[in-house]
Amino acid sequence: MGRDSEPREMFKRFSGNPILRAQDFPHNVNAVFNPGATEFEGRTLLLLRVEDRTGLSSLVVATSKNGLNDWEIDLDRGLAPHEDLVEEHWGIEDPRITRIGDEYYVVYVGYSAFGPLVSLAKTEDFVTWERCGVLMPPEDKDAALFPTTFDGRWALIHRPVPAMPGLGVHMWLSYSPDLHYWGEAQVLLAAQRGSHWDANKIGLGPPPMLTKDGWLVCYHAVRTTASGSIYRIGLALLDRDDPAKVVARSNEWVMGPREGYEQSGDVPGVIFPCGWILRDDGDTVHLYYGAADTVVCVAEASLAAVLTHMESHSGPLNTIGTAPSEIRGVTG
Ligand code: BMA
């Protein structure tokens, strides 16, 4: 699947990238990007963010037998913004899919007239949906559910933006007994400072993936440069039983924009994954990402290689303090 020119890259881009583009649609759309991903009825299912020419986005299903080629776009499945809901006034974006039992819980960004927020909808077939409402008020994005509970509580990683500038934009963890009321909010991963690749602004990519070493988390970091932003991705590991505990964090990015389809488009220099799938061999990971806010791509990695990398490349876990869960009970 990889290219000869990238022997040292852990995530190898599919030679057939981009796998989905606006031109693949039967009607005019502006861009297709940032897909959630899951397996459904023996096929890979992507929930694509499709931005039409009004500028608003909705979620559309595409499926493929091998997760690489021969994608079939299914305009009858997916989720469109509800015109009567203020929280979806300007569209819905960037879905993350978590399978729980026979249901698929899709956490997505609602672009409300009051700012982007985090919403949840669930489905069994990607045709009929039950909206579960807003989980986090504006401004909050980049959220996904864990597929299991922890001491009876559901857990959500999300990314609120502080109103006060200069404090950094960090990843948070919140818990809920019922997927409705959320609390115990705490910083999970703090953006670094200074020249680090993940300084100042970070956010979750796909939902966490359970591995032998804990929950593998993929996150993006936004580097502001004189000629715009660069979106790169890195990895962290969370404790299997206590996801508030960060046990490793890669000290360097594992993939950054490089190819033409990542450097040219509506927003150049962006790779933005929202879904990944661990294949039946237990090792092959397919990472699905939007490139340049314009097209959909896939890259492949070996999970064993990723976990080995985490052992040798773990940097500081957090830079602005310890997670509240770790200092609870400490006085003075
Ligand atoms: C983020 C999100 C993503 C987008 C990225 C780059 O804030 O809005 O949907 O891909 O910016 O433009």
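For ligands, and for the atoms within them, numbers begin at 1 and follow the listed sequence. Keep in mind that what you see is a predicted model, and the values were worked out from it rather than measured.
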Asker: Just to verify, what does T123 make a side-chain hydrogen bond (donor to acceptor under 3.5 Å, both in side chains) with, not counting sequence neighbours?
Answerer: D125
Asker: Please identify each residue that fulfils side-chain hydrogen bond (donor to acceptor under 3.5 Å, both in side chains) with R49, with sequence neighbours left out.
Answerer: S57, E93, D94
Asker: Any salt bridge between D198 and K201, counting N to O under 4.0 Å?
Answerer: no
Asker: Below 4.0 angstrom, N of the basic side chain to O of the carboxylate: do R43 and E72 qualify?
Answerer: yes
Asker: Please list, by chain and number, the protein residues whose heavy atoms come under 4.0 Å of ligand 1.
Answerer: N34, R49, D94, K141, Y231, V267, V270, F272, D293
Asker: Please enumerate all residues that pass side chain to side chain contact (heavy atoms under 4.5 Å, CB included) together with T308, with sequence neighbours excluded.
Answerer: none
Asker: So do the side chains of D24 and I73 get within less than 4.5 Å of each other, counting heavy atoms only?
Answerer: yes
